[in-house]
Engineer: 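One structure follows; several queries about it will come next.
This one's a predicted model, so the numbers in the text were calculated from it and none came from an experiment. Protein chains get the first letters and strands the later ones, always in sequence-line order, with residue 1 at the start of each.
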2 protein chains.
Amino acid sequence: MKTETRKQQIIQTSAILFKERGYSAVTMRDIAKAMGIKAASLYNHIASKQEILSDIIISLAEEFTEGIQCIVNLDESSIFKIKQIVHLHVQITLNNQFGMASLNNDWMHLEGKLDYYLTLRKNYETVFRQIIDMGISRNELVKGNSEVMLFSLLSTLRSLYIWLPKKEELDVDEFSSELSSVLINGINK
Amino acid sequence: MKTETRKQQIIQTSAILFKERGYSAVTMRDIAKAMGIKAASLYNHIASKQEILSDIIISLAEEFTEGIQCIVNLDESSIFKIKQIVHLHVQITLNNQFGMASLNNDWMHLEGKLDYYLTLRKNYETVFRQIIDMGISRNELVKGNSEVMLFSLLSTLRSLYIWLPKKEELDVDEFSSELSSVLINGINK
DNA sequence: GTCTATAGCGCGATAGAC
DNA sequence: GTCTATCGCGCTATAGAC
């Protein structure tokens, strides 16, 4: 339909503002002003402010879910799978720098789709945990607290949206493997 | 003064709500209701909603600044200093679980003290970077991208407030050294 | 130190003209 | 598809009684 591109413009503009100040602090008037139109005009393309947030977050959450499902089914070592997960996060974050802020910080403001989001997120963490546990039992990863490993890896990957924009002329594959190296091998000489 | 404890109750209650929904989504009526009083009564103890946020964030930021200043001046290896930084984050986060959410997510809503906060944060990151760079030049850390190391360490440490509350009967020193091990030595066998 | 009442403003969203 | 005008409501903060 014709309004689809305009709707995408609204969502993209909103994501930029949501990253700067958070969903609750951004008004429909702010979004409209950033697009050079009046707030009332937004409602020809979207049903509500809530729908904007929902579109941003759910599409990203589904992208991560699909990505990790592919990775977990590979017939590869856990180290390889973790490197693929790092690459997945770098890739999605580079393509959705602004939306990632909402995914991380504003999911609790979802109304209709909160339960769905929580299911996706829980599933993602469960699959990631399985990959780590498999690595430990196969002797590919150190015997340690797998919860601490999961926490450390996920915290770093979920914060990429803050750091990646600061890097100019970033080589995706190079950065991805540098980050994998730090996460997997540590920083100790 | 007499109102000091009541003011601290307001700040603590606010921090809990700010962690759940963010500064902008929490109203003075919410805070008052959680304390069993009316919103107008809050203003006998605090000047504005902004003052609550400012108190939460600045006191924590100053605590981190003091902590890392002590650590950087130690005559110890960079590995030891990094372990001390991990311990600093675990300790402060355990004592200020709720406030840490505001420090991480709501600093952009500071008004009067935004510049001061940004100075403290920049200083913290600079000192942390110095410790890492010193470690590399002294051959204590692997030769690699120090920005990636700093990013990875700080992301994990700044996310502790999300994970630590989920751990029951946590042994601080044990968790702290498990986390240090994962961050410093990685997860590779 | 808490209350009721309310000022003054901005919010999300709708109606209807063009 | 955008506009002006506006509804109904909730926001932070203040005034003044008790």
Side-chain angles (χ1 to χ4, degrees), chain A residues 1-58 99 101-102 105-114, chain B residues 1-58 102 105-114:
Chain A
M1 59 189 85
K2 278 182 191 172
T3 60
E4 201 54 26
T5 60
R6 201 83 175 112
K7 180 170 177 175
Q8 285 308 312
Q9 286 174 24
I10 292 171
I11 290 173
Q12 175 63 11
T13 303
S14 301
I16 294 172
L17 298 176
F18 292 170
K19 183 184 177 188
E20 280 174 13
R21 311 204 286 277
Y23 174 74
S24 302
V26 173
T27 71
M28 295 303 280
R29 289 166 173 86
D30 292 333
I31 298 167
K33 194 166 198 174
M35 298 189 65
I37 59 177
K38 296 292 174 183
S41 306
L42 294 170
Y43 291 89
N44 267 288
H45 309 284
I46 48 106
S48 64
K49 188 187 175 188
Q50 178 65 205
E51 190 194 62
I52 301 175
L53 182 69
S54 197
D55 271 27
I56 293 171
I57 292 180
I58 299 299
S102 300
N105 301 322
D106 282 322
W107 56 266
M108 71 286 281
H109 298 118
L110 286 173
E111 288 162 16
K113 295 190 175 166
L114 178 59
Chain B
M1 61 189 82
K2 278 183 191 170
T3 61
E4 200 54 27
T5 59
R6 200 87 175 109
K7 180 171 178 176
Q8 285 308 311
Q9 285 173 22
I10 292 172
I11 290 173
Q12 174 64 13
T13 303
S14 301
I16 294 172
L17 297 176
F18 291 170
K19 183 183 177 188
E20 280 174 13
R21 311 204 287 277
Y23 174 74
S24 302
V26 172
T27 70
M28 296 302 278
R29 289 172 173 91
D30 291 333
I31 298 167
K33 194 167 197 174
M35 297 189 67
I37 60 176
K38 296 291 175 183
S41 306
L42 294 170
Y43 291 89
N44 266 289
H45 308 285
I46 49 107
S48 64
K49 187 185 176 190
Q50 178 63 205
E51 191 194 64
I52 301 175
L53 182 69
S54 197
D55 271 27
I56 293 171
I57 292 180
I58 299 299
S102 300
N105 301 322
D106 283 320
W107 57 267
M108 72 286 282
H109 298 118
L110 286 173
E111 288 162 17
K113 296 192 174 165
L114 177 58

Engineer: Mind calculating the distance between NZ (A/Lys38) and C1' (C/dA15) to the nearest angstrom?
Structural biologist: 18 Å
Engineer: Measure the distance from CE on B/Met35 to C1' on C/dG1 and round it to the nearest whole Å.
Structural biologist: 12 Å
Engineer: For A/Arg21, check salt bridge (charged side-chain N to carboxylate O under 4.0 Å, His left out) against everything at least two apart and list the hits.
Structural biologist: A/Asp30
Engineer: Take a 6.0 Å sphere around NZ of B/Lys49 and say whether it holds more than 12 heavy atoms from other residues, nucleotides or ligands.
Structural biologist: yes
Engineer: Taking only N and O in the side chain of B/Ser41, is any of them less than 4.0 Å away from OP1 or OP2 of C/dG1?
Structural biologist: no
Engineer: Just how far, in rounded Å, is P of C/dG1 from CD1 of B/Ile37?
Structural biologist: 11 Å
Engineer: Please enumerate all residues that pass side-chain hydrogen bond (donor to acceptor under 3.5 Å, both in side chains) together with A/Asp55, with sequence neighbours excluded.
Structural biologist: none
Engineer: Output all residues satisfying side chain to side chain contact (heavy atoms under 4.5 Å, CB included) with A/Ala40, sequence neighbours left out; order by chain, then residue number.
Structural biologist: none
Engineer: Output all residues satisfying side-chain hydrogen bond (donor to acceptor under 3.5 Å, both in side chains) with B/Lys19, sequence neighbours left out; order by chain, then residue number.
Structural biologist: B/Gln97
Engineer: Excluding sequence neighbours, so at least two apart, what forms ring pair (Phe, Tyr, Trp, His ring centres under 6.0 Å) with A/Phe18?
Structural biologist: A/Tyr23
Engineer: Taking protein heavy atoms under 4.0 Å as touching, what does nucleotides 12-18 of chain D look like 5' to 3' if B marks base contact, S marks sugar-phosphate-only contact and - marks none?
Structural biologist: BBBB---
